[in-house]
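Only one structure is covered here, and it is reproduced in the block below.
All values reported here derive from a predicted model rather than from experimental measurement. Along the sequence shown, residues are numbered consecutively beginning with 1. Both ligands and their constituent atoms are indexed starting at 1 by order of listing.
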Amino acid sequence: MNVLKLGDVEIHRVVEIDRLPVTLDLLFTNATPEIVAANRDWLGDGLVEPDGDRLFVSHHSFVVRTPALNILVDTCIGNHKPRASMPAWHMLDQPYLERLSAIGLQPEDIDVVMCTHLHADHVGWNTRLVNGQWVPTFPNARYIISRAELAHFEGLHRANPTLPVARGAYQDSVLPVIERGLVELVDPDKALEGELARHVSLENAAGHTPGSMNVHVRASGAHACLCGDILHHAIQCAEPGLASTGDFDLERAYASRLGLLQRCADTNIDVLAAHFPSPTVGRVVSHGSAFRFVFGA
Ligand SMILES: [Zn+2]
């Protein structure tokens, strides 16, 4: 997708890393080569490597452009961030802001940043390194974070301030925006307020993390669901029991994933997950006792 149009609202994808091959054990706790083999035909070479069983994932943000607001959903990994525990994310130097500029937006133009959750690959561009300091990348934005999500990660940090939380992302990508007073805490079970509520609503999708949330965008009868990490890879449509290695609460994560698939299946909801490679957008369709993902808007 380059741009998904929902009436007068547009959703753009800003790529940080497209099509990164990831081993099964890095992505899922319970995947096997046999499960990949059983799904290889419908997934295709864009999602499973042709001569192996690594799965392709992408790291990207979505920018929801309404007539009044530029809303950035999830901010990827970020540049220059030490992530020794995940080599593919370590000390990146990606032209992410140039790609944002290519859709006509400078950091100052972002009005709202929404993090579906606070893992390191969803908050990275919250900040950037300027003169040795982590400063908010989007100085005019309010950063919307789930209250339960922040409480969880803040608790981990308080319990041991020297231990890197979320691979260090809490300290370098979340704390600086809190300290600048840019964070607005929300309860995803409650409606948003003001202009933002005109097209956007949140949905509690706890499980992957304690405060994970889906972002729904509606305009002119069209509906898109930005579902963060509730689905990591399209193979989970056919195999909803595949659990992400990052899932905090396996049972609740499964319930959130299955609920999303059931509510989206065979509807006109465009599903935009945080790690589905190009073309990224697609729809969930029923298939036997489970589902498949059909790419395309
Ligand atoms: Zn993620």
The Zn ion (ligand 1) reached by His122 (N, O or S, under 2.8 Å): yes

Arg65 bridged to Asp109 by N-O distance under 4.0 Å: no

N/O/S from His275 sitting under 2.8 Å away from the Zn ion (ligand 1): yes

Aromatic ring pairing Trp125/Tyr96, orientation class (parallel under 30°, perpendicular over 60°, tilted between): parallel

Qualifying residues under ring pair (Phe, Tyr, Trp, His ring centres under 6.0 Å), relative to His223, sequence neighbours excluded: His216

Metal proximity, Asp121 vs the Zn ion (ligand 1), N/O/S cut-off 2.8 Å: yes

For the Zn ion (ligand 1): the N/O/S atom of Asp229 at shortest distance: OD2

Heavy-atom side-chain proximity of His157 to Leu175 below 4.5 angstrom: yes

